[in-house]
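Here is the naming used below: chain letters follow the sequence lines, and residue numbers restart at 1 for every chain. When reading the values below, keep in mind they use all heavy atoms of this one structure, side chains included, and skip hydrogens, waters and symmetry mates.
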Amino acid sequence: MQEGLSPNHLKKAKLMFFYTRYPSSNMLKTYFSDVKFNRCITSQLIKWFSNFREFYYIQMEKYARQAINDGVTSTEELSITRDCELYRALNMHYNKANDFEISSELTVMTLTKRFQARETPR
DNA sequence: ATAGGCCCTG
DNA sequence: CAGGGCCTAT
């Protein structure tokens, strides 16, 4: 049981972001079972995910604007691969040490799905 | 009154 | 990422 959040906890949280963008405080308490929770720790973790989302959406929007400038008119025309800028930016930020192995199929599907969800929210 | 979100800053 | 303001829902 540690007092505060360590750099490893941050790394862990970033990897967790691949799975949930809005973890509940109970999920966090379960996932970070080695942390002694209190009001500050909880809100700090919640804040981390808020920051993760902001970075994530900034990258998505940058990618979307670039796609529009490139003449893309539908999501079907988008290709999100391991070597595209969006993938590299997200992987660099959330999976710097490549702790998480991502199959190309899973990557394309996950990112495309999220992209479409973001572009057509309602 | 507290928690959790978003936005904007530094 | 952390801080702080502001808003909503509980």
Side-chain angles (χ1 to χ4, degrees):
Chain A
M1 279 293 190
Q2 284 186 251
E3 267 302 332
L5 295 169
S6 69
N8 276 334
H9 289 130
L10 175 58
K11 196 165 110 177
K12 194 172 177 178
K14 287 184 173 182
L15 292 176
M16 188 179 173
F17 187 66
F18 276 95
Y19 183 71
T20 5
R21 276 180 289 172
Y22 295 86
S24 67
S25 49
N26 282 328
M27 289 180 208
L28 293 173
K29 284 171 185 171
T30 303
Y31 196 71
F32 294 87
S33 52
D34 62 328
V35 174
K36 195 187 309 174
F37 276 80
N38 59 48
R39 206 164 305 175
C40 295
I41 296 294
T42 305
S43 48
Q44 188 183 355
L45 271 167
I46 293 289
K47 179 63 178 177
W48 279 2
F49 278 81
S50 177
N51 283 327
F52 294 166
R53 287 192 294 274
E54 289 176 4
F55 179 86
Y56 177 74
Y57 289 134
I58 286 171
Q59 300 309 311
M60 299 291 266
E61 283 154 12
K62 187 184 294 179
Y63 187 77
R65 274 192 298 277
Q66 184 57 53
I68 290 170
N69 286 336
D70 291 346
V72 172
T73 56
S74 73
T75 53
E76 285 70 43
E77 296 175 46
L78 288 169
S79 64
I80 300 172
T81 58
R82 291 189 300 304
D83 56 310
C84 77
E85 281 185 46
L86 178 59
Y87 176 87
R88 287 185 308 185
L90 294 177
N91 199 66
M92 166 85 91
H93 196 72
Y94 299 111
N95 190 32
K96 202 170 298 184
N98 287 303
D99 296 305
F100 190 67
E101 294 297 334
I102 307 170
S103 74
S104 54
E105 296 77 10
L106 180 64
T107 300
V108 173
M109 288 194 68
T110 306
L111 291 179
T112 303
K113 200 170 180 182
R114 289 182 175 180
F115 185 85
Q116 291 175 333
R118 175 60 173 173
E119 291 308 292
T120 52
R122 319 191 206 311

What pairs of nitrogen or oxygen atoms, one from the protein and one from nucleotides 6-10 of chain C, lie under 3.5 Å apart?
none

Side-chain donor-acceptor contacts of residues 64-71 of chain A below 3.5 Å, not counting sequence neighbours, with atom names and distances?
{"residue": "A/Q66", "atom": "NE2", "partner": "A/D70", "partner atom": "OD1", "Å": "3.0"}
{"residue": "A/Q66", "atom": "NE2", "partner": "A/D70", "partner atom": "OD2", "Å": "3.4"}
{"residue": "A/N69", "atom": "ND2", "partner": "A/R65", "partner atom": "O", "Å": "3.4"}

Please report, rounded to the nearest Å, how far the C1' atom of C/dG3 is from the CG atom of A/L45.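 In whole Å, C/dG3 C1' and A/L45 CG are 17 Å from each other.
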Taking atom P of B/dT2 as reference, at what distance in whole Å does atom CZ of A/R39 sit?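 Nearest whole value for this atom pair: 6 Å.
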Using a 4.0 Å heavy-atom cut-off across all strands, classify A/F49 as base, sugar-phosphate, or nothing.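 Touches nothing.
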If the condition is side-chain contact (heavy atoms from CB on, under 4.5 Å), which residues does A/S43 pass it with, not counting sequence neighbours?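 If we apply the side-chain contact (heavy atoms from CB on, under 4.5 Å) test to A/S43, skipping adjacent residues, there are no hits.
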With A/S33 via side-chain contact (heavy atoms from CB on, under 4.5 Å) - residues at least two apart: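 Expected list: none.
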Using a 4.0 Å cut-off on protein heavy atoms (strictly under), produce a 5'-to-3' string for nucleotides 4-10 of chain B with B for base contact, S for backbone-only sugar-phosphate contact, and - for none. SSBBB--
Sequence neighbours left out, what pairs pass salt bridge (Lys or Arg N to Asp or Glu O under 4.0 Å) with at least one residue falling in residues 27-40 of chain A? A/E3-A/K36
Can you tell me which residue pairs pass the salt bridge (Lys or Arg N to Asp or Glu O under 4.0 Å) test with a partner in residues 42-56 of chain A, sequence neighbours excluded?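 Pairs touching residues 42-56 of chain A that pass the test: none.
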Straight-line distance of A/N51 CG to A/L10 CG, nearest 0.5 Å: 10.0 Å
I'd like to check the side chain to side chain donor-acceptor pair (under 3.5 Å) partners of A/S6; sequence neighbours left out, ordered by chain and number. A/H9
List in chain and number order the residues that pass ring pair (Phe, Tyr, Trp, His ring centres under 6.0 Å) with A/F49, two or more places apart in sequence or in another chain; answer none if no residue qualifies.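 Ring pair (Phe, Tyr, Trp, His ring centres under 6.0 Å) list for A/F49, sorted by chain: A/F52.
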